[in-house]
There are 2 protein chains.
Amino acid sequence: MNELAPQDHAIEALAALAHETRLAVFRMLVKAGPGGLIAGAIAEKQGVPPSTMSHHLATLEHAGLVQSTRTSRLIHYRADYPGMRRLLVFLLADCCQGAPEMCGDLFADLNCPPTPLCNA
Amino acid sequence: MNELAPQDHAIEALAALAHETRLAVFRMLVKAGPGGLIAGAIAEKQGVPPSTMSHHLATLEHAGLVQSTRTSRLIHYRADYPGMRRLLVFLLADCCQGAPEMCGDLFADLNCPPTPLCNA
DNA sequence: GCCATATTTCGATAATTCTCGAATTATCGA
DNA sequence: TCGATAATTCGAGAATTATCGAAATATGGC
C-alpha cells in the first residue's frame with residue numbers, strides 16, 4: 001500500500017541503523033546467519049528489557065532490515081539480506097556519476113577471505 | 001583527541017545521512033565532484049534558511065562525510081570520499097562471516113558504466 | 001479451562017533532535 | 001574605518017525519538 005520513494009526508504013533504513021542497540025542487533029543477526037535468533041535471546045544478549053527490544057526490532061523490521069516468523073511461542077528474527085542490499089546499492093549508486101573512487105574496489109579494504117561470493 | 005570506536009563513528013555517519021535534507025545535500029555534493037559547492041548555494045538549492053543548513057552541514061562534517069574550506073568569504077563544501085568509504089566498509093564488513101550473499105557482486109545491481117574504477 | 005511462557009502494545013516521561021530568526025564573526029572593497 | 005556580503009553561532013520552542021513498567025495478546029501443556 002504505502003509505496004515509499006527510494007530515498008525515503010533509505011532514510012528509514014539509515015535511521016534504524018543509527019542507534020547503538022539496533023546496530024548491534026542487526027550485526028548480530030547478520031553474523032547469526034539465516035537461522036536468526038529468538039527475540040528473548042536478543043534482548044537478554046543486549047541487556048535491554050523485552051519491551052524496549054520489541055520496539056527496536058519493530059523499527060528494524062519496518063525499515064526492511066530484518067524479518068520475523070513465529071514458531072509456536074517463539075519469534076525468530078533474522079537479517080533481511082535483500083533489504084540491506086537495497087540500502088547498500090542506494091548508497092553506492094551515486095559513485096558512478098561523480099566519485100567512482102569513493103566506492104571502487106571496496107572489497108580490497110575488507111578482510112574477506114577470497115571466496116567467490118564475497119569478492120565477486 | 002576524541003577517538004571514537006568504529007561502531008560509534010558509523011552511528012554518527014548513519015544518523016547524519018538519515019535526514020531528508022542532509023541526504024539530499026550529501027548526494028548533491030557527491031555528484032558535484034571534487035570542486036564541491038558553496039554553502040549559500042546549497043541552502044538555496046534545498047530551500048532551507050542558511051542557519052538551518054549550516055547546522056546540517058556541520059553535522060555532516062562532524063560525521064566525517066563532508067569537508068569544508070574557506071576561500072575569502074565563501075565556504076566550499078565537498079564530499080569526503082574516504083569518510084564515506086569508511087562507512088561503506090564498516091557496513092560490508094560483516095558480510096564475510098555470515099552473509100556473503102548480502103553484498104557479493106554488489107556492482108552488478110548498479111547502472112554503472114563498466115569503468116575500471118567503478119567496477120574494480 | 002487454567003496457568004505459565006514469550007512477546008507485543010500501551011502510555012507516560014525523559015531525552016534528543018530539528019528549525020529558524022536574531023545576533024555574531026569573518027572577509028572584502030572602497 | 002565603514003558598509004555590504006557570506007556564513008556561523010546562539011537561544012528557545014516544536015517535534016520526534018527513546019525508554020521501560022504495566023497491561024494485553026498469543027501459544028502450549030496439563
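None of these values were measured; they are calculated from a predicted model. Labels below follow one simple rule: chain letters A, B, ... track the order of the sequence lines, proteins then strands, and each chain is numbered from 1.
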Out of D:dC10, D:dA22, D:dT8, which nucleotide sits closest to the side chain of A:Ser51? D:dA22
Please tabulate, for side-chain N and O atoms in residues 64-74 of chain A, each donor-acceptor pair with protein atoms closer than 3.5 Å (sequence neighbours left out).
residue : atom : partner : partner atom : Å
A:Ser68 : OG   : A:Glu61 : OE1          : 3.4
A:Ser68 : OG   : A:Glu61 : OE2          : 2.9
A:Thr69 : OG1  : A:Arg78 : NH2          : 2.6
A:Arg70 : NE   : A:Ser72 : O            : 3.1
A:Thr71 : OG1  : A:His76 : NE2          : 3.4

Given that A:Thr52 and A:Leu74 both sit by DNA chain C, which one's nearest nucleotide is further toward the 5' end? A:Leu74
Please, which pairs that meet ring-ring contact (aromatic ring centres under 6.0 Å, His included) have at least one residue in residues 6-31 of chain B, sequence neighbours excluded? B:His19-B:His56
What is the distance from CG of A:Leu57 to C1' of C:dT7, rounded to the nearest Å? 10 Å
I need the CG-P distance between A:Leu17 and D:dT17, as an integer number of Å. 15 Å
Could you check how far CD1 of B:Ile11 sits from P of C:dT17, rounded to whole Å? 12 Å
Starting at the 5' end of DNA chain D and moving along, which residue's nearest nucleotide shows up first, B:Tyr77 or A:Ala18? B:Tyr77
Whole-Å gap separating P (C:dA6) and CD1 (A:Ile38): 9 Å
Looking only at heavy atoms, what is the nearest atom pair of A:Pro82 and A:Asp80, with distance? CD-OD1, 3.1 Å
Starting at the 5' end of DNA chain C, what dot-bracket string do you get if Watson-Crick and G-U pairs under 3.5 Å are bracketed, crossing pairs use [ ], other-strand pairs use | and unpaired bases use dots? ||||||||||||||||||||||||||||||
Just the rounded figure in Å: distance from P of D:dT27 to NE2 of A:His76. 14 Å
Measure from the side-chain N and O atoms of B:Arg22 to the backbone N and O of B:Leu17, and report whether any donor-acceptor pair falls under 3.5 Å. no
B:Ile75 CD1 to C:dC28 C1', in whole Å, measures 14 Å
Nearest to side-chain heavy atoms of A:Arg73, which nucleotide of C:dT8, D:dT9, C:dA6: C:dA6
Have a look at B:Ser72 and say if it touches a base, only the backbone sugar-phosphate, or nothing, with a 4.0 Å heavy-atom cut-off. sugar-phosphate
Identify whether any heavy atom of B:His19 sits under 4.0 Å from a base atom; if not, whether one sits that close to sugar-phosphate; answer base, sugar-phosphate or nothing. sugar-phosphate
Rounded to the nearest angstrom, tell me the gap between atom CG in B:Leu60 and atom P in D:dT8. 12 Å
Could you pull out the closest heavy-atom pair between A:Val48 and A:Met53, with the gap in Å? CG2-CE, 3.4 Å
Got a sec: does the CD of B:Gln7 have more than 12 other heavy atoms crowding it under 6.0 Å? yes
Assign A:Pro49 to base, sugar-phosphate, or nothing according to its heavy-atom contacts below 4.0 angstrom with the strands shown. sugar-phosphate
Regarding A:His56, tell me which of base, sugar-phosphate or nothing describes its non-hydrogen contacts under 4.0 Å with the strands shown. sugar-phosphate
Distance in angstrom units between B:Glu44 CD and D:dA6 P, rounded: 10 Å
Which residue lies toward the 5' end of DNA chain D, A:Arg70 or A:His55, if each is placed at its nearest nucleotide? A:His55
Can you measure from NE2 (B:His62) to CG (B:Leu57) and round to the nearest 0.5 angstrom? 14.5 Å
